[in-house]
K.L.:
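Below is a structure I'd like to ask you about.
In what follows, residues are counted from 1 in the order of the sequence shown. Note that this is a predicted model, so its numbers are computed, not measured.
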Amino acid sequence: MKNDYVDFVEVNALSKTPYRNRISSLLMLITLLVFIVVFLDSKLAGFFSLVLTILFFIALVLIVKEWIVARLAFNRSPFRRLKQFILVNKLYDEETREFGKDKKQRKKVIVNSAYFLFKLADDELIIRAMKHGDKYTDRANTYDSMLSALFGLELSNKVENINYCEYIFKTEADERLIVRKNELEYNQSTIIPLNSNIGWDIQKFPHALIAGATGGGKTTFLNFLIIEILKMHGELLIVDPKHSDLYSLHFYLGKERVAGEPNQIARVVRTAKEIMDARFKEYKGDSASYGKNYRHFHLPPVFIIVDELGALRMGAEKKVFSEIMSNLQEVILKGREMGVFVILATQQPNAQNIPTEVRDNLSLRVSLGNLSKEGERMAFGGIDGDLPTVEGKGSGYIFLDGMGWNNPKSFQAPFLDYEKFNFVDELQKYANIAN
């Protein structure tokens, strides 16, 4: 437990400004400097006394300058801001006490206060609102927006604990990826970069849900993921019942891998399940395979991208749709170990299009554009409060299940600079080599 508090600094209403940042410390340094100069001047004369005087003023200027710089930095520090936060919001208790020999002097004194701990770590500011069983305990979980406004930082994560509520802020904002034409390059890892700080590790966080309002940038994000999958030497299967942009990829990937009609879609989804089943049968048939996954057997990942399950549900016969969903669910539940992954994309994430038991097994969830309240709930499950409105194509929210995030984080999908990035050329470049 002690290690849990290493390097944290405590702040409450009674916390005192560190001595080095007080005016008294500056006066002490100046007094010491004057004493040294007077002592040395008594031993020197003439030219050396003049030099000593010049050095005195130079040292004086440097000391005052350094102190002012340090004081200004302190005024912007988490310590100073949290102390002011406590005082301004009256997060303390006072009592009137009597002083003096005759007890006639009265003065208000602080007897209790909200307690905070903070730590600056790498690119994070971590603040803990402590729970001491007093009246501030219930408020410890409610400081989200206030602390965010205090520091001008977006809340990255919030973790509730029996002893404290921890608020984590990123001090360096996530940078959006800008994708342009590049030389042939491959990704030998299991991680697809999504911005400067977040990557999708397909092995740890299998399967994805991409929910995008009209014009939100869903198709562009899927284009990005397709190229990144091919960089992994991954195999692609694509389902597009609306016969939109993704369906046109059958010209480049082949009709056996891209489907638009219900029966064709059933065949493609069945193919994904058959690949998974065949891998289990061949590579997981004996005790030596215990604890191993597809990477141990040097198998390429296989992704099936399903765009608009809602359109598929409306257009397919009930029996066909039931088969498709049954096979998809089995791949979602079992596919990670053998490297078969599902990406579901939709404009309207609802219980009819994406059953809750399916959604809960999609580790990566991204929304682009502004969804309805039902859409947000279906995409991310329970959310503390409302998600702020986003602006700009490709802007939205991201959630990675298993990361300990309480709420989804704001997100900007990678920007494909179509003036310098030709998706079809990049697709052919990697797909041709893969084939």
K.L.:
Taking side chain to side chain contact (heavy atoms under 4.5 Å, CB included) as the test, write out the residues that go with Ala129, two or more places apart.
P.N.:
Phe116, Ala140, Tyr143, Tyr167
K.L.:
For the pair Phe303 and Ile202, evaluate side-chain contact (heavy atoms from CB on, under 4.5 Å) and give the outcome as yes or no after the intermediate values.
P.N.:
CA-CA 10 Å; Phe303 287 81; Ile202 61 172; 3.8 Å; yes
K.L.:
Any chance you could measure Lys284, atom NZ, to Asn293, atom CG, to the nearest 0.5 Å?
P.N.:
7.5 Å
K.L.:
Look up atom CD in Glu94 and atom NZ in Lys108, then write down how far apart they are to the nearest 0.5 Å.
P.N.:
5.5 Å
K.L.:
Please check this pair: side chain of Thr220 against backbone of Gly217, looking for a donor-acceptor N/O pair closer than 3.5 Å.
P.N.:
no
K.L.:
For Phe48, is the CZ atom crowded, meaning more than 12 foreign heavy atoms sit under 6.0 Å from it?
P.N.:
no
K.L.:
Are the side chains of Phe423 and Leu249 in contact, using a 4.5 Å heavy-atom criterion?
P.N.:
yes
K.L.:
Could you tell me if the side chain of Ile23 sits less than 4.5 Å from the side chain of Leu26, heavy atoms only?
P.N.:
yes
K.L.:
State whether the side chain of Tyr430 and the backbone N or O of Glu185 hold a donor-acceptor pair below 3.5 Å, judged by distance alone.
P.N.:
yes
K.L.:
Within the 4.5 Å heavy-atom criterion, are Tyr294 and Thr190 side-chain neighbours or not?
P.N.:
yes
K.L.:
With sequence neighbours left out, write down each residue that passes salt bridge (Lys or Arg N to Asp or Glu O under 4.0 Å) with Glu228, or none if nothing qualifies.
P.N.:
Lys231
K.L.:
Examine distances only and state if a side-chain atom of Ser363 and a backbone atom of His207 form a donor-acceptor pair shorter than 3.5 Å.
P.N.:
no
K.L.:
Please confirm whether the backbone N or O of Phe85 pairs with a side-chain atom of Asn89, one donor and one acceptor, at under 3.5 Å?
P.N.:
yes
K.L.:
Tell me whether the count of non-hydrogen atoms from other residues, nucleotides or ligands lying under 6.0 Å of NZ in Lys334 goes above 12.
P.N.:
yes
K.L.:
Assess the side chains of Asn141 and Lys131: does a donor N or O sit below 3.5 Å from an acceptor N or O?
P.N.:
yes
K.L.:
Thinking salt bridges, do Asp7 and Lys119 make one under a 4.0 Å N-O criterion?
P.N.:
no
K.L.:
I need the minimum non-hydrogen distance between Leu91 and Tyr136, along with the two atoms involved.
P.N.:
C-OH, 3.4 Å
K.L.:
Mind checking the CD1-CG spacing from Ile191 to Asp201? Nearest 0.5 Å is all I need.
P.N.:
4.5 Å
K.L.:
Any idea which heavy atoms bring Lys135 and Arg139 closest together, and the distance?
P.N.:
O-CG, 4.2 Å
K.L.:
Do you see a donor-acceptor pair shorter than 3.5 Å between the side chains of Glu154 and Ser410?
P.N.:
yes
K.L.:
Starting from the C-alpha separation in whole Å, work towards a yes-or-no answer on side-chain contact (heavy atoms from CB on, under 4.5 Å) for Leu222 and Ile343.
P.N.:
CA-CA 9 Å; Leu222 289 174; Ile343 298 175; 4.2 Å; yes
K.L.:
Taking Ser148 for the side chain and Leu153 for the main chain, is one N or O donor matched with an acceptor at less than 3.5 Å?
P.N.:
yes
K.L.:
Quick check: closest heavy atoms across Ala114 and Ile86, and the distance to 0.1 Å?
P.N.:
O-CD1, 3.7 Å
K.L.:
Can you confirm whether Arg128 sits close enough to Asn161 that some side-chain heavy atom of one is under 4.5 Å from a side-chain heavy atom of the other?
P.N.:
no
K.L.:
Set out, in order, the CA-CA distance, both residues' side-chain angles and the distance that settles side-chain contact (heavy atoms from CB on, under 4.5 Å) for Asp134 and Asp93, then state yes or no.
P.N.:
CA-CA 11 Å; Asp134 54 19; Asp93 301 321; over 6 Å; no
K.L.:
When rounded to the nearest 0.5 angstrom, what distance separates CG in Asn361 from CG in Leu328?
P.N.:
12.5 Å
K.L.:
Using side-chain heavy atoms (C-beta onward) and a distance below 4.5 Å, is Val302 in contact with Arg279?
P.N.:
yes
K.L.:
Of all heavy-atom pairs between Leu400 and Gly199, which one has the smallest distance, and what is that distance?
P.N.:
CD1-O, 3.9 Å
K.L.:
The criterion is side chain to side chain contact (heavy atoms under 4.5 Å, CB included); which residues satisfy it with Glu95, sequence neighbours excluded?
P.N.:
Arg97, Val111
K.L.:
Any side-chain to backbone donor/acceptor pair from Arg106 onto Thr96? Under 3.5 Å, distance only.
P.N.:
no
K.L.:
Please identify which of these residues, Glu124, Lys170, Lys409, meets the side chain to side chain donor-acceptor pair (under 3.5 Å) condition with Ser156.
P.N.:
Lys409
K.L.:
Please round to the nearest 0.5 Å and tell me the distance separating atom CG of Leu309 and atom OG1 of Thr346.
P.N.:
7.0 Å
K.L.:
Hey, is CD on Glu357 packed in by over 12 heavy atoms from elsewhere, all under 6.0 Å?
P.N.:
yes
K.L.:
Could you check whether any side-chain N or O of Asn195 sits under 3.5 Å from a backbone N or O of Arg176, counting only pairs where one atom can act as donor and the other as acceptor?
P.N.:
no
K.L.:
If you look at every heavy atom in Tyr247 and Val258, which pair is closest and at what distance?
P.N.:
O-CG1, 3.6 Å
K.L.:
Under a 4.5 Å cut-off applied to non-hydrogen side-chain atoms, are Phe224 and Ile192 in contact?
P.N.:
yes
K.L.:
Taking C-beta and beyond as the side chain, do Tyr397 and Val390 meet within less than 4.5 Å on heavy atoms?
P.N.:
yes
K.L.:
Any chance you could measure Gln84, atom CD, to Asn75, atom CG, to the nearest 0.5 Å?
P.N.:
9.0 Å
K.L.:
Show every ring-ring contact (aromatic ring centres under 6.0 Å, His included) that has at least one partner inside residues 52-81, sequence neighbours left out.
P.N.:
Phe74-Phe79
K.L.:
Dump the intermediate steps for side-chain contact (heavy atoms from CB on, under 4.5 Å) on Leu147 and Leu82, then the final yes or no.
P.N.:
CA-CA 9 Å; Leu147 290 175; Leu82 285 172; 4.0 Å; yes
K.L.:
Keeping the roles fixed (side chain from Trp200, backbone from Phe205), state whether a donor-acceptor pair exists under 3.5 Å.
P.N.:
yes
K.L.:
For the side chain of Glu308 and the backbone of Gln347, is there at least one donor-acceptor N/O pair under 3.5 Å apart?
P.N.:
yes
K.L.:
Do the non-hydrogen side-chain atoms of Val358 and Leu344 ever get within less than 4.5 Å of each other?
P.N.:
yes
K.L.:
Would you say the side-chain atoms of Ser196 and Asp174 include a donor-acceptor pair closer than 3.5 Å?
P.N.:
no
K.L.:
Could you tell me whether Tyr19 atom OH has more than 12 heavy atoms of other residues or ligands within 6.0 Å of it?
P.N.:
yes
K.L.:
Does Gln203 offer a backbone N or O that forms a donor-acceptor pair with the side chain of Arg336 under 3.5 Å?
P.N.:
yes
K.L.:
Asn12: which residues meet the side chain to side chain contact (heavy atoms under 4.5 Å, CB included) condition with it, sequence neighbours left out?
P.N.:
Glu10, Leu14, Ser15, Ser113, Tyr115
K.L.:
Who are the side chain to side chain contact (heavy atoms under 4.5 Å, CB included) partners of Lys292, not counting sequence neighbours?
P.N.:
His296, Phe297
